[in-house]
*Asks:* 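First, the structure itself, so that you have it in front of you.
Residue numbers start at 1 and run along the sequence shown. For ligands, and for the atoms within them, numbers begin at 1 and follow the listed sequence. On a predicted model such as this, the values are computed, not experimentally measured, just so you know. Both backbone and side-chain heavy atoms feed into the values below; hydrogens, waters and symmetry mates do not.
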Amino acid sequence: MTEPLLTVRNLKLDIPVASGTLHAVRGIDFELNRGETLCIVGESGSGKSLTSLALMGLLGKRILRKADQMTFDGTELTTMSAKELRKLRGGRMSMIFQEPMTSLNPAYTIGDQLMEALLLHQPVGRAAARARAIELLEKVGITAAESRLGQYPHQLSGGLRQRVMIAMALMCGPELIIADEPTTALDVTIQAQILRLLVDLTREMNMAMILITHDLGVVARVADKVAVMYAGELVETGPAADIFATPCHPYTRGLLRCIPLPGKTERGSELGTIPGIVPSLVGEVEGCVFRTRCDYAEAACREAIPHRTNGAHRFRCIHPDGMRHAEEVPA
Ligand SMILES: Nc1ncnc2c1ncn2[C@@H]1O[C@H](COP(=O)(O)OP(=O)(O)OP(=O)(O)O)[C@@H](O)[C@H]1O
Ligand SMILES: [Mg+2]
């Protein structure tokens, strides 16, 4: 078997806060092969964005990162110098953020920013960089691409700006792209288009992608692998087909009950919601992080929770199949 493009082992992210240490990410493991799409899902505050920033080496100074292993194509990321990391970032791995205005510089033209992305990382001249910028703007569906090069970010609509961001992230032909809720700032009608474009391009260019999204419908359509995050832990990970067919962790099953399924959910019927709130992440959490909201919680859930594996499908629960058998299987 070839080595995964990305391997993360026991990644922990701690943030000192007034009341102690906030353990925002608590020892997560995952891997990603070339060309694969991993979707990270989980409710707000579960640590999805911090995880992606940790991979890109873009965490704020206050945040302490520890990992047994965090390798990209065999190279350890945690011990890389700032210079090496800059070279990797925007070159072999790049990121698309939620809000394009925070990543595009208002003072420079679209053309200059796109070209700079390439000139910084590859030994090419300005003419070649300009040609590549036009090629990618066309690829992301922007018409009259050449005339857009001289425009500034504020002259473009939100949807166009996000297309430019995607073009910029692709300038160097990265092997890994991390997209953190790349469309939530856009109109609903445009969201689907942009996401489709991103997914098509990653496939066409054989890039691996980590896609963070709240939209489980999107996950069902595009993910090869799914990682379900809750309160800083990965409670369940595995091939997307397994997660959707036999979700094991009670939290995953709660999430899946929240999506309307075509043909199964009656119009107007209530979607599932998970009662309760996420526990405080300050200090250590004993036992299962989900137990305060779990229908099947019992005394043993306060103890250490085993990691259960079934091939590539992993989850953490004291119950061998997460009490899956206890639930009615929808027809
Ligand atoms: N700079 C910071 N200082 C203090 N706490 C932080 C900081 N950054 C993140 N956190 C906390 O770390 C936790 C994880 O944050 P993160 O942004 O990764 O969540 P998320 O899963 O991306 O949520 P969302 O879906 O809302 O984007 C949250 O509890 C958040 O409040
Ligand atoms: Mg986030």
*Asks:* Would you say Lys139 and Glu204 make side-chain contact, with heavy atoms under 4.5 Å?
*Replies:*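 A side-chain contact under 4.5 Å exists here.
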*Asks:* Does the distance from a Lys or Arg side-chain N to an Asp or Glu carboxylate O, for Arg316 and Glu236, drop under 4.0 Å?
*Replies:*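 Salt bridge: no.
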*Asks:* Is at least one protein non-hydrogen atom found at under 4.0 angstrom from atom 31 (O) of ligand 1?
*Replies:*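 Protein heavy atom within 4.0 Å of atom 31 (O) of ligand 1: absent.
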*Asks:* Does Ser46 come within less than 4.0 Å of ligand 1, judged by its heavy atoms?
*Replies:*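 Right, Ser46 reaches ligand 1.
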*Asks:* In terms of residue, atom name and distance, what is the protein heavy atom nearest to atom 26 (O) of ligand 1?
*Replies:*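 Among all protein heavy atoms, the one nearest atom 26 (O) of ligand 1 is Ser44 OG, 2.5 Å.
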*Asks:* Would you mind listing which atoms of ligand 1 come within a distance below 4.0 Å of any non-hydrogen atom of Ala24?
*Replies:*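 Counting from 1, the qualifying ligand atoms are 12 (O).
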*Asks:* Does the distance from a Lys or Arg side-chain N to an Asp or Glu carboxylate O, for Glu43 and Arg293, drop under 4.0 Å?
*Replies:*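 Between Arg293 and Glu43 there is a salt bridge, with a charged N closer than 4.0 Å to a carboxylate O.
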*Asks:* Do Ile212 and Ser52 make a side-chain contact, defined as non-hydrogen atoms from C-beta onward lying under 4.5 Å apart?
*Replies:*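 Of all side-chain heavy-atom pairs linking Ser52 with Ile212, at least one is under 4.5 Å.
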*Asks:* Does ligand 1 have any atom sitting under 4.0 Å from a heavy atom of Gly42?
*Replies:*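 Checking ligand 1 against Gly42, which is what was asked, there is no heavy-atom contact under 4.0 Å.
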*Asks:* Would you check, one step at a time, whether the test salt bridge (charged side-chain N to carboxylate O under 4.0 Å, His left out) holds for Arg9 with Glu31?
*Replies:* CA-CA 9 Å; Arg9 292 276 165 262; Glu31 58 280 318; 2.6 Å; yes
*Asks:* For atom 15 (O) of ligand 1, tell me which residue out of Val25, Leu50, Leu13 has the closest non-hydrogen atom.
*Replies:*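 Shortest heavy-atom distance from atom 15 (O) of ligand 1: Leu50.
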*Asks:* Which of the atoms in ligand 1, numbered in the order shown and given with their element, are less than 4.0 Å from a heavy-atom of Arg62?
*Replies:*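 Checking each atom against Arg62, I get 3 (N), 4 (C).
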*Asks:* Got the closest protein heavy atom to atom 6 (C) of ligand 1, with its distance?
*Replies:*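 It is Ile15 CD1, 3.4 Å.
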*Asks:* Looking only at protein heavy atoms, which one is nearest to atom 29 (O) of ligand 1, and what is the separation?
*Replies:*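 So the nearest neighbour among protein heavy atoms is Gly45 O, 3.7 Å.
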*Asks:* Is ligand 1 under 4.0 Å from a heavy atom in the side chain of Glu181, in the backbone, in both, or in neither?
*Replies:*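 Looking at Glu181 and ligand 1, just side chain atoms fall under 4.0 Å.
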*Asks:* Against Ile28, only a single residue in Leu13, Leu11, Asn10 fulfils side-chain contact (heavy atoms from CB on, under 4.5 Å); can you say which?
*Replies:*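 Exactly one pass, corresponding to Leu11.
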*Asks:* Check whether any side-chain heavy atom of Lys48 sits under 4.5 Å from a side-chain heavy atom of His214, and report yes or no.
*Replies:*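 The answer is yes; the side chains approach within 4.5 Å.
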*Asks:* Within 2.8 Å of the Mg ion (ligand 2), is there any N, O or S atom belonging to Ser44?
*Replies:*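 Here the distance criterion (N, O or S atom, under 2.8 Å) is not met by Ser44, so no.
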*Asks:* Go through ligand 1 atom by atom and flag the ones less than 4.0 Å from a non-hydrogen atom of His214.
*Replies:*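 Here the atoms of ligand 1 in question are 25 (O).
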*Asks:* For the atom pair CD (Gln69) and CG (Leu6), what is the distance rounded to the nearest 0.5 Å?
*Replies:*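 Gln69 atom CD to Leu6 atom CG measures 9.5 Å (nearest 0.5 Å).
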*Asks:* When you measure from atom 25 (O) of ligand 1 to every protein heavy atom, which one gives the shortest distance, and what is it?
*Replies:*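 Looking at atom 25 (O) of ligand 1, the protein heavy atom closest to it is Lys48 NZ, 2.7 Å.
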*Asks:* Quick test: of every protein heavy atom, which one is nearest to atom 17 (O) of ligand 1, and how far off is it to 0.1 Å?
*Replies:*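 Closest protein heavy atom to atom 17 (O) of ligand 1: Ser49 CB, 3.7 Å.
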*Asks:* Is any side-chain heavy atom of Pro182 closer than 4.5 Å to one of Ile194?
*Replies:*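 Counting from C-beta outward, Ile194 and Pro182 never come under 4.5 Å.
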